[in-house]
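Structure record follows, encoded as structure tokens.
All of these numbers come straight from a predicted model, not from anything done at the bench.
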Amino acid sequence: NRDAIPQLAAALKKEPKSDIRAEIIAALGRIRDRSAVAPLAETLKTDLDKDVRSQAIDSLLRLYIPIEDSGALRTIFNRVKSVFLQPNAPVIPPGVQVDAAATEALAMAMQKDFDDQIRIQALRALGSLRARDQVPALIMALEDPQNREHRLVRVEIARTLGVIRDPAAGPALERA
């Protein structure tokens with residue numbers, strides 16, 4: 001029900017319980033309408049709960065990559081593994097245009113989230129979306145001296161650049 005998106009977004013802003021916020025975020029992803037990008041991106045940037053931010057990443061991906069849900073619909077918060085976190089995660093189908101707001105929010109999480117797991121999940125999402133528009137940000141993050149201590153994040157940046165397959169990343173990968 002696409003008409004529910006504004007009401008869900010409003011409820012999300014007022015909800016104090018993280019498990020309910022995660023359910024709202026999951027619902028926005030299941031509706032699969034791009035008007036949900038703004039509340040999902042805002043949640044990814046501002047929510048203090050790691051599991052809610054993780055669900056926001058999963059829901060953003062569901063807007064662009066159709067996944068058939070089997071069984072009960074549950075959130076990542078309820079400890080259900082996301083199909084997008086698996087080794088051979090699905091990628092965006094050819095011809096699907098991704099909103100810049102979605103890739104920008106994921107790139108911001110990749111660079112600034114205080115939890116490395118969320119940063120890695122955002123990187124995998126950028127790879128799944130083949131976010132060529134974020135290659136400069138990925139290169140910058142790979143070469144940023146502040147990321148030297150975040151080894152797993154750097155490994156994931158390199159893997160994501162490989163998934164995106166943009167030749168502009170070649171020199172940075174070679175230096176790394």
Side-chain angles (χ1 to χ4, degrees), residues 18 22 25-26 28-29 34 36-67 75-77 79-176:
S18 59
I25 293 297
L28 288 169
R34 292 184 183 196
V37 169
L40 293 173
E42 184 64 24
T43 298
L44 182 56
K45 291 176 191 173
T46 62
D47 203 284
L48 298 178
D49 190 279
K50 171 186 159 190
D51 292 322
V52 175
R53 293 192 314 275
S54 180
Q55 183 64 55
I57 293 170
D58 184 85
S59 292
L60 276 170
L61 286 169
R62 287 176 186 274
L63 298 178
Y64 303 100
I65 303 172
I67 299 296
T75 64
I76 292 172
F77 188 75
R79 306 296 182 238
V80 173
K81 283 270 189 198
S82 171
V83 67
F84 298 112
L85 299 178
Q86 303 304 317
N88 292 321
V91 294
I92 192 166
V96 175
Q97 294 295 325
V98 178
D99 297 272
T103 59
E104 288 167 9
L106 290 166
M108 186 67 69
M110 171 272 299
Q111 294 171 29
K112 298 190 180 213
D113 200 278
F114 51 87
D115 186 282
D116 280 359
Q117 288 179 327
I118 297 298
R119 292 178 72 190
I120 289 168
Q121 190 177 351
L123 281 159
R124 289 183 181 157
L126 288 168
S128 290
L129 294 176
R130 300 204 189 261
R132 278 185 163 41
D133 64 324
Q134 296 304 320
V135 167
L138 290 165
I139 292 170
M140 217 169 64
L142 181 64
E143 295 178 337
D144 186 344
Q146 291 181 344
N147 280 331
R148 296 268 182 238
E149 62 194 48
H150 302 279
R151 188 180 70 76
L152 294 176
V153 172
R154 293 184 75 235
V155 166
E156 197 60 40
I157 292 169
R159 191 195 72 72
T160 298
L161 286 168
V163 168
I164 294 173
R165 302 180 88 107
D166 189 320
L173 289 168
E174 199 173 291
R175 285 188 299 275

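With sequence neighbours excluded, the residues that form a side chain to side chain contact (heavy atoms under 4.5 Å, CB included) with K45 are A105.
Taking CE of M110 as the start and CG of L44 as the end, the distance is 11.5 Å to the nearest 0.5 Å. With rounding to the nearest 0.5 angstrom, the CG atom of L152 is 11.5 Å from the CG atom of L123.
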Can I get a per-line list of side-chain donor-acceptor pairs under 3.5 Å for residues 137-146, giving both atom names and the distance, sequence neighbours left out?
| unit_1 | atom_1 | unit_2 | atom_2 | d |
| --- | --- | --- | --- | --- |
| E143 | OE2 | R175 | NE | 2.9 |
| E143 | OE2 | R175 | NH2 | 2.3 |
| D144 | OD1 | Q146 | N | 2.9 |

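Contact record, V91 with I65: C-CD1, 3.7 Å, taken as the closest heavy-atom pair. The two residues S18 and V52 come nearest to each other via the heavy atoms O-CG2, 3.3 Å. For the residue pair D58 and Q121, the shortest heavy atom distance occurs at N-NE2, 4.2 Å. I25 and S59 get closest at one heavy-atom pair: O-OG, 2.8 Å. The shortest heavy-atom contact between D49 and D47 is N-OD1, 2.8 Å. Residues R119 and A109 come closest through the heavy atom pair CG-O, 3.4 Å.
Evaluation of the salt bridge (Lys or Arg N to Asp or Glu O under 4.0 Å) test over residues 147-157, restricted to residues two or more places apart or in two chains, returns R124-E156, E156-R159.
Between I157 and the choices T160, V153, V155, the side chain to side chain contact (heavy atoms under 4.5 Å, CB included) rule is met once, by V153. Here the rule is side chain to side chain contact (heavy atoms under 4.5 Å, CB included) with L60, and of L106, T103, D99 only L106 fits it.
Residues R62 and L40 have side chains not in contact (no heavy-atom distance under 4.5 Å, counting atoms from C-beta outward). Inter-residue side-chain proximity for L161 and L173 is flagged as met; some heavy-atom pair is nearer than 4.5 Å.
Under a cutoff of 6.0 Å and an axis angle of 45°, R53 and F114 form a cation-pi pair.
Formation of a donor-acceptor pair under 3.5 Å by the R132 side chain with backbone atoms of I164 is found in this model.
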